[in-house]
Amino acid sequence: MSSNNPMALERGRSLKLRQLLYVLGSVVFVIIVRLFYLQIDQGAVFSSLGEGNCLRTEIIPPLRGNLLDCNNVMLAANRPVFNLYWQGGSTGKFTDQSLELLKKLESILKISFINDDMLKELKYAERYTRRVLLEEDLSFEQLCKISEQCSDVSSLVVENHFKRIYPHQAIASHVLGFLSRVEKIGRAGLESAVQAELQGQTGYVIQKINATGKTLEKRVSKEAVAGSNIVLTLDLRLQALAESLFEKDQSGVCIVMDPETGAIKTLVSYPNFDPNIFLEPISEEAWNNKMVVNNPLLNRATCALYPPASIFKLITFTAGLEEKLIDYDTVIRCNGHVNFCGRKYHCMRRTGHGDLNPVGALAASCNIPCFNIGKRIKIDKLAEYAYRFGLGQKTNFLLPEHSGLVPTAAWKLSARGERWWTGDTLSTCIGQGPLLVTPLQIVRMISAIESGYLVKPRILEHETVEREKLHISKDTLKFLRLSMKEAVNSGTVTLLSYIRGFDVCAKTGTAQTCSLGLDKEKLLRKHLEHAWLSGWFSYKGDKPLAIMIVVENVGSSSIALRFADRFLRGYRQLEEANRQASLSTEL
């Protein structure tokens, strides 16, 4: 009955219609809310994602700044590198013409491209508009042939970038440093120390691409800014001369510095290395062959520590004179040794020097006056004079350095748990014992004797000259200079007196590396003494230059003396050639 009731049927249809409208309204509401969320609330996010799908950002690396010597000779520069790419997408497929082009490239580059892997990669590139690297670092001849024979081929693209190069290979390697292979960031030397100035500012290019990856539009978003060129105080001619002094199996340091301004003209740490090897992958075998023996990565000029040997006698005599323990007229009797606490402390000449005045004693590098001073001076007072000359502290040089060690009573008690004995002072007075210095500290100390000022060593031309007055009396400085001059005239450095045109003052030293009780004839090379020479020279009245040479494990200071002789003779040749060239230019 009810099913045939018109009113009931009408109500049923009305209910179904309301339910349908409710569902439809709910769906429309959900769609509207979703559209509001996607287009209004999240519109910026999806717009960015959309742009990301069609826009690509390409980095433009800036041109790295050059490093130049004081004569504007390139020490670290950039060379252009041309790479050849296959640019897919020109036809959408790999054709017979593409294959013929590959054969032509094989004849030009002398490389086999026609193989399954390469063909598969090129077909993929054509289909999806990708780029494939064919060859890196094209030679000029190859570039010319490709340009001549394939100039109308759109599938080939040549792109260039710049690669760091060190044109003089290993020369000045410890000063220049090197770059990391991937990031191209300085990892040592000046490449690291002035990274911010050299690197410049990165640029960006925005590319608009389609769904297949084809570039539709390209625009520069930010221009790259090249790094700054930096001029060093280093003189490449002198640097190469100094590095040539060392033989393959030797280790050591040679530094030449302007004592007035602190400008480093030469800084050699040997063995050296070729910074170019870090720009390419290097095998473990090659690394072991080149970079392990004698630790060529160690900058011995600033980070190696040596006993200063007889070079330190300059400070011992200074302390003796300044503290009135000796005077300029003291007669020194050298019998070859002194006795102290039941032990003999020997002079370098076991037979003795006889009677000497202080100038002659220092010129002859006699140990006896140093021992006599050592008996009467406290180690802390001796350390005070060492500090005045810049030992035991960093020089504030731009490159990493060690501070060395000037021992004191407090140091020994703290480091070894023992008190300081006068016998320790006697050893320290002749530059032995726990006393340790860097070669850079020694050339700074010698420069201070010549100029009267303790100067900060500097390697960049734009660095400010920083120096402070050396707190040593004028009379004592005059005595030190006279003694070093006498060492050349009649003492331990007479070999340098035979070189024409030079005025030289110098001091040598032989630094022990093992106990004196060992038989020298049975020693291994690593146990032999280090050779020192330090002083300053002037050629034909020119401004003086300080020089410091140390050669490791050679047994005698005569080796450093011969190095200095060869350097000065080479220096004279360079100067005469330079003067002749200047004269020719004037004429």
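Keep in mind the model is a prediction, meaning the values are calculated, not measured. The figures that follow rest on heavy atoms only: side chains count, while hydrogens, waters and symmetry mates do not.
- F178 has its ring centre no less than 6.0 Å from the ring centre of Y166.
- Using a cut-off of 4.0 Å between Lys/Arg side-chain N and Asp/Glu carboxylate O, K485 and D503 are scored as salt-bridged.
- For CD of E141, the number of neighbouring non-hydrogen atoms (other residues, nucleotides, ligands) closer than 6.0 Å is 12 at most.
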Yes or no on side-chain hydrogen bond (donor to acceptor under 3.5 Å, both in side chains) for D274 and N276, after CA distance, side-chain angles and deciding distance?
CA-CA 5 Å; D274 185 352; N276 292 296; 2.8 Å; yes

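- For R79, the CZ atom is densely surrounded, since the number of other residues' heavy atoms within 6.0 Å is greater than 12.
- Nearest heavy-atom pair across L398 and I459 is CD2-CG2, 4.0 Å.
- A 4.5 Å side-chain heavy-atom check between N272 and P296 finds every atom pair outside the cut-off.
- F537 has its ring centre less than 6.0 Å from the ring centre of Y571.
- Ion pairing between a basic and an acidic side chain is recognised when a charged N comes within 4.0 Å of a carboxylate O; E576 and K540 show such pairing.
- Side-chain atoms of R569 and D565, non-hydrogen and from C-beta on, do get closer than 4.5 Å to each other.
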query: Step by step, would you call E191 with Q195 a side-chain hydrogen bond (donor to acceptor under 3.5 Å, both in side chains)?
result: CA-CA 6 Å; E191 292 281 27; Q195 163 69 18; over 6 Å; no

K526 and E552: salt bridge (charged side-chain N to carboxylate O under 4.0 Å, His left out), yes or no, with the steps? CA-CA 8 Å; K526 67 179 182 179; E552 295 180 5; over 6 Å; no

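- In this structure a side-chain-to-backbone donor-acceptor pair under 3.5 Å is present from N367 to H346.
- Residue K290 places its NZ atom among 12 or fewer non-hydrogen atoms of other residues, nucleotides or ligands, all under 6.0 Å distant.
- In terms of heavy-atom proximity, T316 sits nearest to I373 at O-CD1, 3.6 Å.
- For the pair V437 and P308, the tightest heavy-atom approach, listed with the atom from each and the gap, is CG2-CB, 3.8 Å.
- Side-chain contact between R416 and P434 is present, with heavy atoms from C-beta onward closer than 4.5 Å.
- Salt-bridge formation is detected for the pair K412/D424: a Lys NZ or Arg NE/NH1/NH2 atom is positioned less than 4.0 Å from an Asp or Glu carboxylate oxygen.
- A salt bridge between K456 and E468 is absent, with no side-chain N of the basic residue lying under 4.0 Å from a carboxylate O of the acidic one.
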_Between K394 and E401, is the salt bridge (charged side-chain N to carboxylate O under 4.0 Å, His left out) condition met? List the steps._
CA-CA 7 Å; K394 294 182 178 180; E401 60 177 328; over 6 Å; no

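- A salt bridge links R388 to E384: one of the charged nitrogens lies within less than 4.0 Å of a carboxylate oxygen.
- Rounded to the nearest 0.5 angstrom, I171 CD1 and S244 OG are separated by 9.0 Å.
- Contact record, V551 with A560: CG2-CA, 4.4 Å, taken as the closest heavy-atom pair.
- Atom CD of Q573 is surrounded by 12 or fewer heavy atoms from other residues, nucleotides or ligands within 6.0 Å.
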Problem - Working for salt bridge (charged side-chain N to carboxylate O under 4.0 Å, His left out), residues D542 and R579 - result: CA-CA 12 Å; D542 285 348; R579 293 176 187 222; 2.7 Å; yes

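- For H174 and F273, the gap between ring centers is short of 6.0 Å.
- Contact of the N78 side chain with the R164 side chain is registered, since non-hydrogen atoms from C-beta on lie closer than 4.5 Å.
- Put simply, the side chain of V268 reaches to within 4.5 Å of the side chain of Q239, judged on heavy atoms.
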Fill in: Intermediate values then yes/no, side-chain hydrogen bond (donor to acceptor under 3.5 Å, both in side chains), K507 and T492
CA-CA 7 Å; K507 181 77 183 74; T492 59; 4.9 Å; no

One pair to check against side-chain hydrogen bond (donor to acceptor under 3.5 Å, both in side chains): E183 and S180. What are the steps and the verdict? CA-CA 6 Å; E183 299 91 346; S180 59; 3.1 Å; yes

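- For the pair R343 and Y345, the cation sits on the ring face: its NZ or CZ lies under 6.0 Å from the ring centre, inside 45° of the axis.
- Ring-plane geometry between Y539 and F502 is classed as tilted, the angle between the planes lying from 30 to 60 degrees on a 0 to 90 degree scale.
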